[in-house]
K.L.:
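If you scroll down you'll find the structure; I have some questions about it.
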Amino acid sequence: MRRSEEAQAFFHAVYLAVQEIPHGKVTTYGHIAHLVGTPQRARQVGMCLKHLPLDPEARFNSDNVPWQRVINSRGTISPRSVPEGTQVQATALRAEGVEVRRLALGELAVDFEVYGWFPEVLPSEAGQQ
DNA sequence: GCGGTGACTGAGC
DNA sequence: CGCTCAGCCACCG
């Protein structure tokens with residue numbers, strides 16, 4: 001039942017990239033996909049976060065990976081199967097100083113102009129080439 | 001093992 | 001502006 005090595009590498013890269021997002025900032029699924037070299041796999045980035053382990057013992061888990069800092073390209077918190085999930089994410093973001101506005105249709109939005117983080121290259125990779 | 005599903009997105013109407 | 005559509009591909013039944 002092991003994931004293919006390639007898939008595992010992808011999950012790994014995504015989690016590392018998400019950990020690079022500074023406290024109090026946000027970015028998009030698509031941008032993370034770009035950073036890990038597969039710009040067309042924004043959807044899979046979402047899956048990586050969806051399946052982020054809760055287990056504190058895991059190499060990557062919901063405590064050491066700031067999953068809440070990833071939102072969609074429209075600047076809103078993506079709806080999910082469990083509606084409460086979006087509220088949990090909004091609360092987590094507000095807890096670190098990010099302003100989350102409620103739009104008319106119940107959408108939860110963050111202003112990229114203020115909180116966006118979109119480097120072309122990961123800080124950890126900068127200066128290595 | 002196959003097929004539906006989905007924390008996505010940019011393009012095209 | 002809003003809606004569909006096609007890629008995307010690991011997960012889960």
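Atom set for the values below is all heavy atoms of this structure, side chains included, hydrogens, waters and symmetry mates excluded. Small disclaimer: the values here were computed from a predicted structure and weren't measured. Every chain is numbered from 1 and lettered A, B, ... according to where its sequence line falls, protein lines coming before strand lines.
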K.L.:
Categorize A:P39 for me: base, sugar-phosphate, or nothing, with a 4.0 angstrom heavy-atom threshold over every strand shown.
P.N.:
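Nothing, no heavy atom under 4.0 Å.
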
K.L.:
Can you find a donor-acceptor N/O pair under 3.5 angstrom joining the side chain of A:R43 to the base of C:dG7?
P.N.:
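Side chain to base: pair present.
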
K.L.:
Does a side-chain N or O from A:H51 land closer than 4.0 Å to OP1 or OP2 of B:dA7, or not?
P.N.:
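Looking at the OP1 and OP2 atoms of B:dA7, neither is under 4.0 Å from any side-chain N or O of A:H51.
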
K.L.:
Between A:R41 and A:F10, is NZ or CZ placed under 6.0 angstrom from the six-membered ring centre and within 45° of the ring axis?
P.N.:
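Because its charged atom sits under 6.0 Å from the ring centre and within 45° of the axis, A:R41 does stack over A:F10.
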
K.L.:
Could you give the CD-to-P distance, from A:Q87 to B:dA7, as a whole number of Å?
P.N.:
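The distance from CD of A:Q87 to P of B:dA7 comes to 16 Å, rounded to the nearest Å.
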
K.L.:
Can you measure A:I21 atom CD1 to B:dA7 atom C1' for me and round it to whole angstrom units?
P.N.:
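Computing the A:I21:CD1 to B:dA7:C1' distance gives 13 Å.
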
K.L.:
Parallel, tilted or perpendicular: which one describes the rings of A:F60 and A:H12, with boundaries at 30° and 60°?
P.N.:
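Perpendicular.
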
K.L.:
OP1 or OP2 of B:dC8 sitting under 4.0 Å from any side-chain N/O of A:S78?
P.N.:
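A:S78 to B:dC8 OP1/OP2: side-chain N or O found under 4.0 Å.
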
K.L.:
Specify the separation, in whole Å, of atom CE of A:M47 and atom P of B:dG4.
P.N.:
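Computing the A:M47:CE to B:dG4:P distance gives 17 Å.
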
K.L.:
Check the distance between C:dC8's P and A:R41's CZ and give it to me in whole angstrom.
P.N.:
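Result: 10 Å.
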
K.L.:
Could you tell me whether the side chains of A:Q19 and A:R69 share a donor-acceptor contact shorter than 3.5 Å?
P.N.:
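Note: A:Q19 and A:R69 side chains miss the donor-acceptor criterion.
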
K.L.:
Base, sugar-phosphate alone, or nothing: which one does A:F10 contact when heavy atoms must sit under 4.0 Å apart?
P.N.:
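No contact at all - A:F10 keeps every heavy atom at 4.0 Å or more from the nucleic acid.
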
K.L.:
Below 4.0 angstrom from OP1 or OP2 of B:dT9, is there any side-chain N or O of A:S73?
P.N.:
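True: A:S73 side-chain N/O within range (under 4.0 Å) of B:dT9 OP1/OP2.
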
K.L.:
So A:T28, base contact, sugar-phosphate only, or nothing? Heavy-atom distance under 4.0 Å.
P.N.:
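Result for A:T28 = sugar-phosphate.
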
K.L.:
Tell me: CG of A:L54 to P of B:dA7, nearest whole Å?
P.N.:
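In whole Å, B:dA7 P lies 16 Å from A:L54 CG.
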
K.L.:
Can you measure A:R80 atom CZ to B:dG6 atom C1' for me and round it to whole angstrom units?
P.N.:
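It is 12 Å, rounded to the nearest whole Å.
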
K.L.:
Out of the candidates A:L49, A:I21, A:N61, only one should pair with A:W67 under the side-chain contact (heavy atoms from CB on, under 4.5 Å) rule; please name it.
P.N.:
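Exactly one option meets the side-chain contact (heavy atoms from CB on, under 4.5 Å) with A:W67, and it is A:L49.
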
K.L.:
Nearest heavy atom decides the nucleotide; on that basis, is A:R74 or A:Q44 closer to the 5' end of DNA chain B?
P.N.:
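Looking at DNA chain B, the more 5' nearest nucleotide goes with A:Q44.
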
K.L.:
Using atom NZ of A:K50 as one end and atom C1' of B:dT5 as the other, report the distance to the nearest whole Å.
P.N.:
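Distance check: A:K50 NZ to B:dT5 C1' gives 8 Å.
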
K.L.:
Measure CZ/A:F112 against P/B:dT9 and give the value in whole Å, please.
P.N.:
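In whole Å, B:dT9 P lies 8 Å from A:F112 CZ.
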
K.L.:
Within the structure shown, what part of the strands sits under 4.0 Å from A:S81 by heavy-atom distance: base, sugar-phosphate, or nothing?
P.N.:
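Counting heavy atoms under 4.0 Å across all strands, the contact made by A:S81 is with sugar-phosphate only.
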
K.L.:
Suppose we call two aromatic rings close when their centres sit under 6.0 Å apart. Are A:H51 and A:F11 close by that rule?
P.N.:
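Between A:F11 and A:H51, which both carry aromatic rings, the centre distance is not below 6.0 Å.
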
